[in-house]
There are 2 protein chains.
Amino acid sequence: MPHLLLKDLPRYECLLEAAKEFPELDPSAAEAFLHLLRTGDEAFGVIDRNFSRHGISQGRFSVLMLLWRCANPDHPLGGAGAADCPAPSTPAELAEAAGVTRATMTGLIDTLERDGFVKRLPDPDDRRMMSVRLTARGGKFLQQFLPGHFKAVGAIMRPLSESERKTLVRLLGKIQLRAAALNSAPGPAAAPAG
Amino acid sequence: MPHLLLKDLPRYECLLEAAKEFPELDPSAAEAFLHLLRTGDEAFGVIDRNFSRHGISQGRFSVLMLLWRCANPDHPLGGAGAADCPAPSTPAELAEAAGVTRATMTGLIDTLERDGFVKRLPDPDDRRMMSVRLTARGGKFLQQFLPGHFKAVGAIMRPLSESERKTLVRLLGKIQLRAAALNSAPGPAAAPAG
DNA sequence: GGCTGACGGTTAGGCTCCTAACGAAAAGCG
DNA sequence: CGCTTTTCGTTAGGAGCCTAACCGTCAGCC
């Protein structure tokens with residue numbers, strides 16, 4: 001599992017107390033932040049257990065989904081919208097789409113190829129390039145794996161009503177936008193006010 | 001950075017489309033789930049950049065905070081509430097509090113001790129045990145690091161109003177509870193309906 | 001044509017996490 | 001007291017991610 005997070009989060013009263021000493025500490029922001037990371041971790045843990053039960057990891061799953069979309073352009077799943085779908089198939093494109101480095105993608109493809117889920121094909125036009133394809137075995141694996149995966153995702157979100165889910169997505173979207181801006185900003189610790 | 005996540009999330013319409021083929025796929029659940037992981041990742045990325053700027057990691061930070069609470073019991077920060085604070089100081093206790101294995105904690109303490117932030121002391125009563133203490137240098141580091149850290153956390157959450165933060169925490173709490181239950185359940189992929 | 005620069009995939013080495021197993025020390029029990 | 005079981009910290013080995021550097025190939029430019 002990913003990050004490392006304190007098992008017991010500080011209580012809100014403790015944050016209030018600590019804010020007296022650190023004026024930079026915004027108690028409600030810290031509380032929301034800790035809950036966000038914590039919940040994301042816990043939710044990921046559920047599907048990660050499901051992943052490892054089937055002998056794959058999040059990274060490998062992402063690659064398979066991207067390649068699956070490429071193999072079956074009819075399927076709307078697997079990444080961005082089908083309309084602007086450039087069907088990533090080279091390691092560099094896959095790395096870009098999955099948000100990892102090319103080096104990491106090499107390793108992922110290595111193990112996927114070793115397990116027979118994908119295969120590398122040399123590009124006839126550009127001898128630098130490779131084309132990665134999903135094998136029949138890889139496609140079969142996804143067909144068997146996905147129902148359980150979707151079921152698990154549904155189970156996690158079951159406590160939320162439809163309107164609550166909408167609200168959650170809206171609030172998360174605000175944070176995500178903000179965080180993306182902060183992440184791309186080159187500045188030091190302090191953040192621009194805008 | 002931790003997980004690996006698709007850079008471009010599938011759009012809601014695509015999920016709707018895919019649900020026709022996979023009846024197990026709950027579109028709104030999948031959308032909320034993807035946003036949750038994605039946002040958590042992005043938010044973590046912001047503070048992780050701050051961490052690496054100061055030469056530490058999330059794991060090392062957690063250990064320092066836990067030890068800091070132990071060194072200054074007056075401080076309300078650093079972990080669970082101050083009331084039920086057993087002041088973790090042995091590697092096993094730290095591992096339990098931080099939610100990692102003892103083996104991982106050994107590695108974290110190794111590097112922290114190498115950098116002079118903590119030191120190991122043998123327990124006079126039980127020769128198996130060690131006591132880990134924050135050094136003056138470690139405390140000084142935290143005093144210098146925390147304001148910027150809190151500032152970054154505040155910056156991430158700035159787009160949300162106080163009431164929105166409350167709502168977010170409430171919704172996340174529901175998911176967290178559910179995910180924790182699913183994680184501790186021994187069953188296979190499918191989840192109990194309750 | 002030949003040189004230089006950019007790009008594609010890979011390799012090497014590091015960090016953090018994990019599981020499995022170890023040796024030393026304590027605790028339970030005859 | 002001896003024996004087993006538990007607990008503590010550590011070590012060994014693996015997976016996934018990263019950055020930095022590499023080599024082969026393509027493209028621009030004289």
Nucleotide nearest B:Val100 (side chain, heavy atoms from C-beta), chosen from C:dT10, C:dC18, D:dG16:
C:dC18
If you define the side chain from C-beta out and look only at heavy atoms, does anything of A:Val63 sit under 4.5 Å from A:Phe117?
no
Which comes earlier along DNA chain C counting from the 5' end, the contact point of B:Ile56 or that of A:Pro91, where each point is its nearest nucleotide?
A:Pro91
Hydrogens and angles aside, do B:Asp41 and B:Thr39 bring a side-chain donor and acceptor to less than 3.5 Å of each other?
no
Integer-rounded Å distance: C:dC17 C1' and A:Gln58 CD
16 Å
Checking all strands, does B:Thr101 fall into the base, sugar-phosphate, or nothing category for heavy-atom contacts under 4.0 angstrom?
base
For the pair B:Glu164 and A:Arg170, find out whether any cationic side-chain nitrogen is under 4.0 Å from an anionic carboxylate oxygen.
yes
Send over the distance from A:Met105 CE to D:dC17 P, rounded to a whole Å.
9 Å
Between B:Arg127 and C:dG23, is there a contact of a side-chain N or O with OP1 or OP2 at under 4.0 Å?
no
From CG of A:Asp48 over to P of C:dC18, roughly how many Å is that when rounded to an integer?
12 Å
Do any side-chain nitrogens or oxygens of B:Thr104 fall under 4.0 Å of OP1 or OP2 in C:dC18?
yes
Side-chain N,O (A:Arg120) to OP1/OP2 (C:dT10) below 4.0 Å:
yes
Would you kindly check whether a donor in the side chain of A:Arg102 faces an acceptor in the base of C:dG9, or vice versa, at under 3.5 angstrom?
yes
Does B:Phe22 reach the side chain of A:Gln143, with side-chain heavy atoms less than 4.5 Å apart?
yes
For a quick check of understanding: with a heavy-atom distance under 4.0 Å over all strands, which category does B:Asp123 fall into, base, sugar-phosphate or nothing?
nothing
Taking five pairs at each terminus, the helix from C:dG1-D:dC30 to C:dG30-D:dC1 shows an axis bend, to 10°, of 10°
